[in-house]
There are 2 protein chains.
Amino acid sequence: MSGHLSPIQLDSYRPLRELVCETIRQAIVDGVFSPGERLMEIQLADEMGVSRTPVREAIRKLELEGFVVMIPRRGTYVADISIKDINEVYEIRTSLEVLAAGLAAERISDEELETMQRLLVEIGQHIEDGNIEKIVEIDTAFHDVLYKASRNGRLAGIINNLREQITVIRRRSMMYPGRLRNTMEEHRLLVDSIAAHDVDRAQNAARIHMENAEHTLLKDMLESAERKRK
Amino acid sequence: MSGHLSPIQLDSYRPLRELVCETIRQAIVDGVFSPGERLMEIQLADEMGVSRTPVREAIRKLELEGFVVMIPRRGTYVADISIKDINEVYEIRTSLEVLAAGLAAERISDEELETMQRLLVEIGQHIEDGNIEKIVEIDTAFHDVLYKASRNGRLAGIINNLREQITVIRRRSMMYPGRLRNTMEEHRLLVDSIAAHDVDRAQNAARIHMENAEHTLLKDMLESAERKRK
DNA sequence: ATTCAAAATTCTGTATACAATATATTTTAC
DNA sequence: GTAAAATATATTGTATACAGAATTTTGAAT
């Protein structure tokens, strides 16, 4: 019963269920709802000022996406993320990011390449003034261009879903000391090899980027668990 | 308005939406509903003897899984599969099957290994008497053991979803002349390398298996399109 | 005969009502 | 005082009702 959700205002012509779904997903990602917390349909519906129907449909979708767990006749709970989950997600993501990087190196257009390079510069600027929110935003855009350049719509969808599933902690690990500059360097290698249409190097850069990201994430999780204990 | 769906009998305590979802999915996979065909909630509900609510929830799930396409305020249509789709699915599947094979080679238990070998023998027997239905069934079980041995639950889920999305035509291409025996040989290589816990060989076997499967599938699709034209 | 417009119908989107089950609370028996 | 059973309450699962939008049909005009 902790969080307040902003009431939905019906943007005519996207279905309510979509708006509701995004609102709840964002609330989970932002930590408004804690892992393990129970989500009740009536309560959510009241807070957002809609009926139970679109809320139910939104919850079903979030279950498919892995953000909540439903137990029949018992209720819905916010999924909590374990080390095991991180491992699973990164095993798959590594494989798919490598694929995407290789495909992008083959298929990217000059225009997309320019966009990526521009976004990279922008991230660099925001690292200077430490604007995390902005960095996360541009980083997402950066990766979206890459996935799009792979010319495989499903691939982008699957990767994005996997990314979102761990966004809660991903954001935090970005602030891990020194991680931002490393990320920057890894991204530059990735862009360079894609620009050279060098499939092997692009795949390698993607793999290294993933391994480092996972490593930082796990380190951060362990340290924060440590802090909690004492 | 072609197909008849069997009425749902409420298996007490699995939610209706699950049963409805499986019924519709199976109907799509079995070709009861043709690609592009419109699915109407009331009609489906009546045929299965339930209300619209569980049907709606089932359709939302099928949309996430890629079996149907929803256009807001317009309706739901059975997704139709194009060459582009086949390409996309196999690009991703290859990557993930290679991952799964590698992980399985590292992590499989002796018991699981025995099961895989047993299933392989069973498939061989059914190739003799040409029982396609049975082969598809055992083949599915065979792969399920492999995914399980990868010790990555999400991976199994994603691959199975991708597999199902093209089951409609996958089944047909299995009957392509000579394909069954080739599949058998590829499976044997895969099992052997996993049994030897040889990661590289297992990954290679998986990659080759996928490439051949896709190749046959595309060949079959092209030939059947050819037949249709005249 | 064809085309455009308006009315009617059909279907989706959302809200609400009802039924069934799980959980919490209270009462009773030991 | 504790434990078990019965009752009460809350919440999910399903059905239905109503509103609004899209499509189809019908009719008239060119």
Side-chain angles (χ1 to χ4, degrees), chain A residues 1-3 5-25 27-28 33-34 36-64 67-79, chain B residues 1-3 5-25 27-28 33-34 36-64 67-79:
Chain A
M1 288 234 175
S2 53
L5 299 178
S6 49
I8 299 274
Q9 52 174 341
L10 40 124
D11 180 358
S12 60
Y13 275 80
R14 290 185 58 212
L16 253 187
R17 60 172 177 278
E18 300 272 335
L19 303 176
V20 170
C21 182
E22 280 163 30
T23 303
I24 300 176
R25 189 197 292 123
I28 294 175
F33 298 121
S34 319
E37 185 171 341
R38 183 170 183 187
L39 296 181
M40 281 173 301
E41 297 174 356
I42 297 173
Q43 189 187 318
L44 291 172
D46 287 349
E47 279 191 58
M48 293 187 276
V50 299
S51 85
R52 274 180 63 211
T53 309
V55 172
R56 283 178 65 79
E57 297 185 341
I59 288 179
R60 299 299 172 279
K61 188 169 177 180
L62 291 170
E63 188 198 14
L64 264 285
F67 290 98
V68 304
V69 176
M70 291 187 56
I71 305 170
R73 291 278 177 198
R74 294 271 301 268
T76 305
Y77 300 83
V78 177
Chain B
M1 279 204 202
S2 52
L5 299 178
S6 49
I8 300 275
Q9 51 173 342
L10 40 127
D11 180 357
S12 62
Y13 277 81
R14 287 184 59 209
L16 252 186
R17 59 172 178 278
E18 301 271 336
L19 303 177
V20 170
C21 182
E22 281 163 28
T23 303
I24 299 177
R25 189 197 293 124
I28 292 175
F33 298 121
S34 318
E37 186 171 342
R38 184 169 182 187
L39 296 181
M40 282 174 299
E41 297 174 355
I42 298 174
Q43 188 188 319
L44 291 172
D46 287 348
E47 279 191 59
M48 294 187 276
V50 300
S51 85
R52 274 180 61 211
T53 308
V55 172
R56 282 178 65 79
E57 297 185 341
I59 287 179
R60 299 298 172 280
K61 189 168 178 183
L62 292 170
E63 187 197 14
L64 264 285
F67 289 99
V68 304
V69 176
M70 290 187 57
I71 305 170
R73 292 273 178 203
R74 294 271 302 267
T76 305
Y77 300 82
V78 177

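Quick caveat, the model's predicted, so the values are computed rather than measured. Lettering follows sequence order; numbering is per chain, from 1.
D:dG13 atom P lies 13 Å from atom CG of B:L19, rounded to whole Å. Residue B:R14 contributes atom CZ, which lies 17 Å from atom C1' of D:dT14 at whole-angstrom precision. D:dT24 atom C1' lies 13 Å from atom CE of B:M40, rounded to whole Å. Distance, A:R73 CZ to C:dA22 C1': 9 Å, rounded to whole Å. As rounded to whole Å, 17 Å separates atom P of C:dA19 from atom CG of B:L16. Between B:E41 atom CD and D:dA17 atom P there is a gap of 16 Å when expressed in whole angstrom units. Rounded to an integer number of Å, the gap from B:I71 CD1 to C:dG13 P is 11 Å. The interatomic distance linking A:L39 (CG) with D:dT11 (P) rounds to 13 Å, in whole Å.
In this structure the side chain of A:L44 reaches within 4.5 angstrom of the side chain of A:I59, judged on heavy atoms. Proximity of A:I24 to A:M48: side-chain heavy atoms (C-beta onward) are separated by under 4.5 Å at one or more points. The side-chain heavy atoms of B:V78 and B:S34, taken from C-beta on, include no pair separated by under 4.5 Å.
Set against C:dT16, D:dA15, C:dG13, the side chain of B:V50 has D:dA15 as its closest nucleotide.
Between C:dA15 and A:S51, a contact under 4.0 Å exists linking OP1 or OP2 to a side-chain N or O.
Counting any heavy atom pair closer than 4.0 Å across all strands shown, A:R52 reaches a base atom.
Of the charged side-chain nitrogens involved, none lies within less than 4.0 Å of a carboxylate oxygen, so that A:R60 and B:E63 do not count as a salt-bridged pair. Between A:E18 and A:K61, at least one side-chain N (NZ, or NE/NH1/NH2) sits under 4.0 Å from a carboxylate O, which counts as a salt bridge.
One finds the CG atom of A:D46 at 11.5 Å from the CD atom of A:E41 (value rounded to the nearest 0.5 Å).
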Show which side-chain atoms of residues 68-77 of chain B pair as donor or acceptor with protein atoms under 3.5 Å away, not counting sequence neighbours.
residue, atom, partner, partner atom, Å
B:R73, NE, A:Y13, OH, 2.7

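Interface residues of residues 54-64 of chain A facing DNA chain C, ordered by number: A:P54; criterion, heavy-atom separation under 4.0 Å.
Between the side chain of A:R74 and the base of D:dG13, no donor-acceptor pair under 3.5 Å is found.
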